[in-house]
Visitor: 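The following block contains the structure, expressed as structure tokens.
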Amino acid sequence: MKKYSPSEEVDFVVIGTGAAGGVMAKQLAQAGFSVVVMEQGPWGAYGHEQDYSKDELSNRFPAEDDMLLSDPKVQKNTFRRNANEKAVAGNHNYGCVVGGGTITYGASSWRHLPWEFDEASRFGTMTGTGIADWPVSYAELEPYYTQAEWEIGISGPNLKTPLIAPMSKPYPCAPLPLKSSGFLMQKAAAKLNLTVTPNVAAIITAPYNGRSACINCGMCSGYGCQVKARSSSAVALLPIAVATGNCEIRVHSYVREINVDASGKATGVTYFEKKNNNREVFQKAKCVVLSANGTETPRLLLLSKSNRFQNGLANSSGIVGKYLMSGNGGGASGLFPDPLNEYKGCVTGAAVLSYVPNDVKGRGWYGGGRMTARGQMSPIQYGLAGPHGAPSWGAGYKKALVEQANRRLTMVNFISQLPVETNTVDLDPDVKDAWGLAAMRITSTSHENDFKAMQFFIDKSVEILHAAGATEVWADQVSDSRGGAHARGTCRMGNDPKSSVVNKYHRAHDVPNLFVVDGSSFVTGGRNHPTMTISALAYRAADHLVKAAMTGNVTI
Amino acid sequence: MTDSRRIFLLKSFSATSAAWLAANWPAQVAAAEKAQAMGGFTYFTPAQAMEIDAMAAQIYPTTDTPGAKEAQVVYFIDLALVTFAADKQAVYAQGFGELSARTGGKPLGSLAAADQVALLTGIEKSAFFKTVRDHTIMGMFSAPQHGGNFHKLGWQQIGFDDSLNFRAPFGAYDKA
């Protein structure tokens, strides 16, 4: 791997190695630019993926070098429901390893539908929300979705239905198995007139780009993939970036500040270098790409205060960190007479698409959701959670645990969450992280509309489970989100520098050579399946950035 | 796994910190296995091991099928307390005292089964009981190399196949 000296001015520093950072690193390095990619976490099993652990206990209690996710005790964060509350210790975490969240995610890879880019124009806005049109249309993004799907490696059905975004090219791989849960969904769909399809996933089902097909091991979401079937950034993108000879990945490098000069241009980044007792190192760069995820990205901008940017970098609008959408869920579970064995195969087999579209008049609330059927529980997880309607220990526990084993199906729903200005990521005034920096503080309460949405999907889940033949059904309680890996919206894109952080090319309005590319750019949240859109946006951003940088002026 | 490996030598790691243990888990497991091969517990005294074995036997009892005793969960917990659960040593230390106060110093396992259940029901909200409950279940259902789930009997009871390589159909409803 190419190595750069921190004092050498590289063309680009990319902060983050996940869904967006991986695309940016690859595209920029392939275009011939010098790139240093900063990763806060460790290598993981990059390049020796067969060493990813499938052991549930050590996955639950990983040794320090085997951690795949951030640790809320180290990457400290706090949470409060509203600005009147004092924030308490939070449990928000995210992928923290080379590959970011794509190492461990469930890998659902749905495109946004065309109308998810201009919901304000189509459906109107709603009081108390910041619903707005994106400055990018589906038509503009479509070629980049296709490029992302083929370069990253996506499997899915090739169906023509208004419930799936129109595609100029089919998916490169056939879909994953429907699993028993999917067949039961089909049974319910026949009775209730629903549209059920195999899931769209960044998991390959046939050898593709030198990688092996999924072997349905079942230790999937939350685990690294040993056979490289999950199309993570670390197997699908970063090795190509490194192979150009232009790209260095620097692990255990926690960026604490994006530096600027007196003219307001970014000059590079300052990071803690773990291998040298966390000494601070300055990496000089002509241009900075920030892809640290929907919560760490705004936090880093807010941490990067300077005389010129006293309110945080790229924050003249004052909306860095605002409009956080972490994603809502909720559903129901049911027991079936025979074993589904959902622990085999990847986590999601099928999706119910019928309630993806808006139907404000019909349902009385704004938004929609994609329903998924799953029942995957690994042994320790199942034992600790315990059987439904039974004691938590003793003979009754054991009897029910054995009887219910592998017979459970849970509807897990991915529901729209409206952008609300007061839902924010900012800096906690009291709590510091393990490096002494202000901890992330999340403030979030969903709009009242979203509680109706959650209740709707809980009720639908109960109905569907009954129709599928469940012998016993129980519903989740409505539960508002408190953070999590799907964070979006905190550096929203737009044409007006007063009401957005980045422009339609992801360049910060306030900083000519700073690009913010990840879920934070989202204007509205879609149906809480963000990764494919993050990837497509990154390909589009990289395309424009490469063209501009070739001419020597990245101010696009 | 041989039964002689199951006769452990007393060895204390009480001076080591949880952070150090977490970072050095694999090395720690190797050290513990070496201790076990010489015959003995890694953390518990024999008397403490007996109490935990009795508690685990009520939490996941032997019925018409094997329970925590047969799955040798006490050995899992013994190892847990010097590895990933080292931060729970104090909970156990305090719990042993409370348990002894309730049994009048008699071993829990020497009481009638119904009395054991009643006693444990009385403390089921305590941090000690909850911790032993969770550790018992982890010991039933984690991979045998961690000390419990002897002969994979926990996995067999819940129908878990650890092959890690499957082809559809997976269950009863996706068969053609």
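Throughout, a chain's letter reflects where its sequence line sits, starting with A, and its residues are numbered from 1. The model shown is predicted, which means the values in this text are computed figures rather than measured ones.
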Visitor: Are there more than 12 heavy atoms of other residues, nucleotides or ligands under 6.0 Å from atom NZ of A:Lys432?
Guide: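 Check passes, neighbour count above 12.
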Visitor: How far does CG of B:Asp134 sit from CG of A:Leu384, to the nearest 0.5 angstrom?
Guide: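 Result: 5.0 Å between the selected atoms.
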Visitor: Which pair of non-hydrogen atoms, one from A:Asp55 and one from B:Gln145, has the smallest distance, and what is that distance?
Guide: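 Between these two residues, the closest heavy atoms are OD1-NE2, 3.6 Å.
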Visitor: In this structure, are over 12 heavy atoms from other groups packed under 6.0 Å from A:Asn276 atom CG?
Guide: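 Yes, the 6.0 Å shell around CG holds more than 12 heavy atoms from other groups.
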Visitor: Let's test your reading of the structure: which of B:Ala68, B:Gly159, B:Gly154, B:Ala143 forms the most heavy-atom pairs below 4.5 Å with chain A?
Guide: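 Maximum pair count with chain A is reached by B:Gly159.
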Visitor: Would you mind checking which part of B:Thr65 comes under 4.5 Å of any heavy atom in chain A, side chain (CB onward), backbone (N, CA, C, O), both or neither?
Guide: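 Both backbone and side chain of B:Thr65 come within 4.5 Å of chain A.
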Visitor: To the nearest 0.5 Å, tell me how far B:Ser163 OG sits from A:Ile215 CD1.
Guide: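 If I round to the nearest 0.5 Å, the distance is 10.0 Å.
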Visitor: Side chain, backbone, both or neither: which part of B:Asn149 has a heavy atom under 4.5 Å from chain A?
Guide: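 For B:Asn149, no heavy atom lies under 4.5 Å from chain A.
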Visitor: Taking atom CD as the centre, does B:Gln94 end up with more than 12 heavy-atom neighbours from other residues, nucleotides or ligands that are less than 6.0 angstrom away?
Guide: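 Not more than 12 within 6.0 Å, no.
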Visitor: Only pairs of heavy atoms separated by less than 4.5 Å count here; which of A:Gly182, A:Gly383, A:Pro391 has the most with chain B?
Guide: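 Ranked by heavy-atom pairs under 4.5 Å with chain B, first place is A:Gly383.
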Visitor: Quick check for you: to the nearest 0.5 Å, what is the distance between A:Ile380 atom CD1 and B:His146 atom NE2?
Guide: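 Interatomic distance, A:Ile380 CD1 to B:His146 NE2, rounded to 0.5 Å: 7.0 Å.
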Visitor: Backbone N or O of A:Leu57 within a donor-acceptor pair of the B:Ser142 side chain at under 3.5 Å?
Guide: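 The answer is no, because no donor-acceptor pair under 3.5 Å joins these two groups.
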Visitor: Between A:Phe336 and chain B, with a heavy-atom cut-off of 4.5 Å, which part of the residue counts as in contact: side chain, backbone, both or neither?
Guide: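 Looking at A:Phe336, backbone and side chain both touch chain B.
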Visitor: Side chain, backbone, both or neither: which part of B:Pro169 has a non-hydrogen atom closer than 4.5 Å to chain A?
Guide: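 Contact with chain A: none, neither part.
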Visitor: In the structure I gave you, are the side-chain heavy atoms of A:Tyr343 and B:Phe160 within less than 4.5 Å of one another anywhere?
Guide: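 Yes; the side chains approach each other to less than 4.5 Å.
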Visitor: Output the distance between atom NZ (A:Lys54) and atom CG (B:Asp162), rounded to the nearest 0.5 Å.
Guide: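 It comes to 13.5 Å.
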Visitor: Just wondering, do B:Ile158 and A:Pro379 contact through their side chains at under 4.5 Å, heavy atoms?
Guide: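 Side-chain contact under 4.5 Å: yes.
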Visitor: Which of residues 393-401 of chain A have a heavy atom under 4.5 Å from any heavy atom of chain B?
Guide: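 From residues 393-401 of chain A, the residues near chain B are A:Trp393, A:Gly394, A:Ala395, A:Tyr397, A:Lys398, A:Leu401.
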Visitor: Taking 4.5 Å as the heavy-atom cut-off, does anything in residues 108-124 of chain B contact chain A, and if so which residues?
Guide: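 B:Val117, B:Leu120, B:Thr121, B:Glu124, listed by number.
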Visitor: Are A:Leu340 and B:Phe170 close enough, and set up right, to give a side-chain contact (heavy atoms from CB on, under 4.5 Å), and what steps lead you there?
Guide: CA-CA 7 Å; A:Leu340 285 72; B:Phe170 304 136; over 6 Å; no
Visitor: So which of A:Ala405, A:Ser392, A:Ser378 has the biggest tally of heavy-atom pairs under 4.5 Å with chain B?
Guide: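 When all of A:Ala405, A:Ser392, A:Ser378 are compared, A:Ser392 has the most.
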Visitor: At a heavy-atom separation under 4.5 Å, does B:Ile137 approach chain A through its side chain, its backbone, both, or neither?
Guide: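 Looking at B:Ile137, just its side chain touches chain A.
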Visitor: Let's go through A:Asn341 and B:Tyr173 carefully: what are the C-alpha distance in whole Å and the side-chain angles of both, what is the deciding distance for side-chain contact (heavy atoms from CB on, under 4.5 Å) to 0.1 Å, and is it a yes or a no?
Guide: CA-CA 10 Å; A:Asn341 295 332; B:Tyr173 301 99; over 6 Å; no
